[in-house]
Amino acid sequence: MTSRKRKKLVYAETDGKVYLVKDGKKLRFPVDGEKIPFKVEKLATMRLSEADVEMVRPLLDRHPDEWLWRDDALERDDVDSVVKNAIYMTMMRCVSEVAAVEGDKVLMVKAKRGFSMGYWNLPGGFMQYGELPEVACAREFKEETGADVAVEDTIGVYVSTFPEKPAYTLGFIYRGRVLSRDFHPKEDEIEKVDWQLFDHGLELTRNPFAKWGIVDLYRHLPEKQANIKVHRHGLLKSRGSSGGKGPVVFLDRDGVINKGVPGYLKTWREFEFLPGAIDAMKSLCDGGFRLAIVTNQDVMGWKILSHEGLRKIHENMLKELTKNGVRIEEIYYCPHNLMSQCRCHKPQPAMLLAAARDLDVSPRRAWMVGDKVSDVVVGKHFGCWTIWIADAKRARKYEADARRARPDFTFEDLAGAAKVIRKTDMSKLIYRAKEL
Ligand SMILES: [Mg+2]
């Protein structure tokens with residue numbers, strides 16, 4: 001392996017014009033550290049095979065007429081090939097997909113090849129040159145399923161990276177209605193076509209657009225279609241509304257907020273707040289974040305603790321939190337054990353999906369924080385940002401599982417997690433998009 005340092009270049013662009021320096025007969029990007037006659041704000045790093053390209057926003061007090069049009073750069077012989085490659089990579093790839101809904105299910109296809117091989121997806125694909133997104137998804141739907149779809153309203157337009165690719169993809173997701181139920185999956189591309197429950201669909205796909213589309217669809221469905229049953233403490237119902245529209249941090253309870261006891265926590269007397277947890281929650285509330293607790297209570301599934309018993313613990317916990325200026329929007333709990341066939345036990349995403357609807361929040365503005373790798377997995381299924389709470393010992397013990405789950409961050413405690421959540425500029429999060 002070579003230890004040669006990678007070349008680092010600076011890409012400044014504004015209004016379709018790029019800043020290049022003349023080097024002999026060639027026009028090239030400035031090298032990192034080379035003097036540039038204006039200030040810049042760093043945006044992101046684009047990793048190309050030839051170099052790392054630092055994308056920056058130039059801070060100018062005038063329009064730079066003398067800079068080169070980015071489109072012209074692609075056609076000129078005197079422009080360095082890295083510049084051309086980088087400009088090409090800044091162009092959004094466009095895909096369009098359709099979520100055809102019937103009752104409480106969405107139509108999905110299982111891919112035989114490509115990025116999604118072995119995974120399910122919403123029917124759709126790359127838009128062709130000059131094609132409208134609503135036309136592209138209907139064409140792809142027909143190609144993949146053999147059936148016709150009536151494309152209805154837009155569910156959302158999203159941006160994401162895909163693994164190992166420096167380019168970004170723009171994804172249009174439409175709601176649709178299937179016009180015929182006679183499916184003929186495309187032989188070389190699609191293994192199966194089937195209706196999936198919304199929450200199950202989130203587990204089946206690893207396409208961020210499909211996840212976000214399904215969640216955003218679910219948020220706005222009529223009551224009778226959005227019928228996933230989860231258990232709530234009832235805070236939202238008693239208050240009548242959520243505290244604003246801020247981003248949401250979903251917190252696992254045991255091992256994040258409270259210390260936990262060997263076996264199962266059964267009484268308020270056994271409940272002990274972890275050091276710094278209340279302050280961390282307070283700092284998130286002060287920063288405009290809404291908090292919701294999402295907890296598996298296997299203890300109830302084993303009939304060791306009743307709903308009433310859990311309620312008592314949570315009433316006491318809430319009293320303590322309120323006293324300290326912490327507001328919890330809602331507590332979601334799964335009262336089943338891991339052997340049960342329920343839909344709500346984490347890492348299944350039903351509780352998060354229901355919460356997204358209750359709290360009217362998109363996964364792109366939400367975090368899941370938990371001490372089990374399955375908490376990271378549920379966050380990934382849902383499509384939000386994930387933080388794994390693990391000290392060195394725990395991190396070592398579950399290293400292999402965590403590597404597979406790929407949390408966005410790992411911290412020893414909630415204090416560390418709260419700090420990074422607070423300082424992360426949500427508007428710039430897109431630059432950190434990772435595989436879900
Ligand atoms: Mg836990």
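In each ligand, atom 1 is the first atom listed, and ligand 1 is the first ligand listed.
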Taken by chain and residue number, the protein N/O/S atoms under 2.8 Å from the Mg ion (ligand 1) read Asp252 OD2, Asp254 O, Asp371 OD1
One should read off an interatomic distance between Phe209 CZ and Leu170 CG, to the nearest 0.5 angstrom, of 7.0 Å
Can you list the steps and then say if Arg357 with Glu223 is a salt bridge (Lys or Arg N to Asp or Glu O under 4.0 Å)?
CA-CA 10 Å; Arg357 183 177 163 90; Glu223 203 68 48; 3.6 Å; yes
request  = May I ask you to establish whether Arg93 and Tyr88 are in a cation-pi arrangement, using a distance under 6.0 Å from NZ or CZ to the six-membered ring centre and at most 45° from the ring axis?
outcome  = yes
Under 3.5 Å, side-chain donor or acceptor atoms of residues 244-252 against the rest of the protein: list the pairs with distances, not counting sequence neighbours.
from   : atom 1 : to     : atom 2 : distance (Å)
Lys245 : NZ     : Asp360 : OD2    : 2.9
Asp252 : OD1    : Lys346 : NZ     : 3.0

The single option from Lys5, Lys7, Lys8, Arg6 that satisfies salt bridge (Lys or Arg N to Asp or Glu O under 4.0 Å) with Asp52 is Arg6
**Message:** Are Tyr333 and His345, when compared by the centres of their aromatic rings, separated by less than 6.0 Å?
**Reply:** no
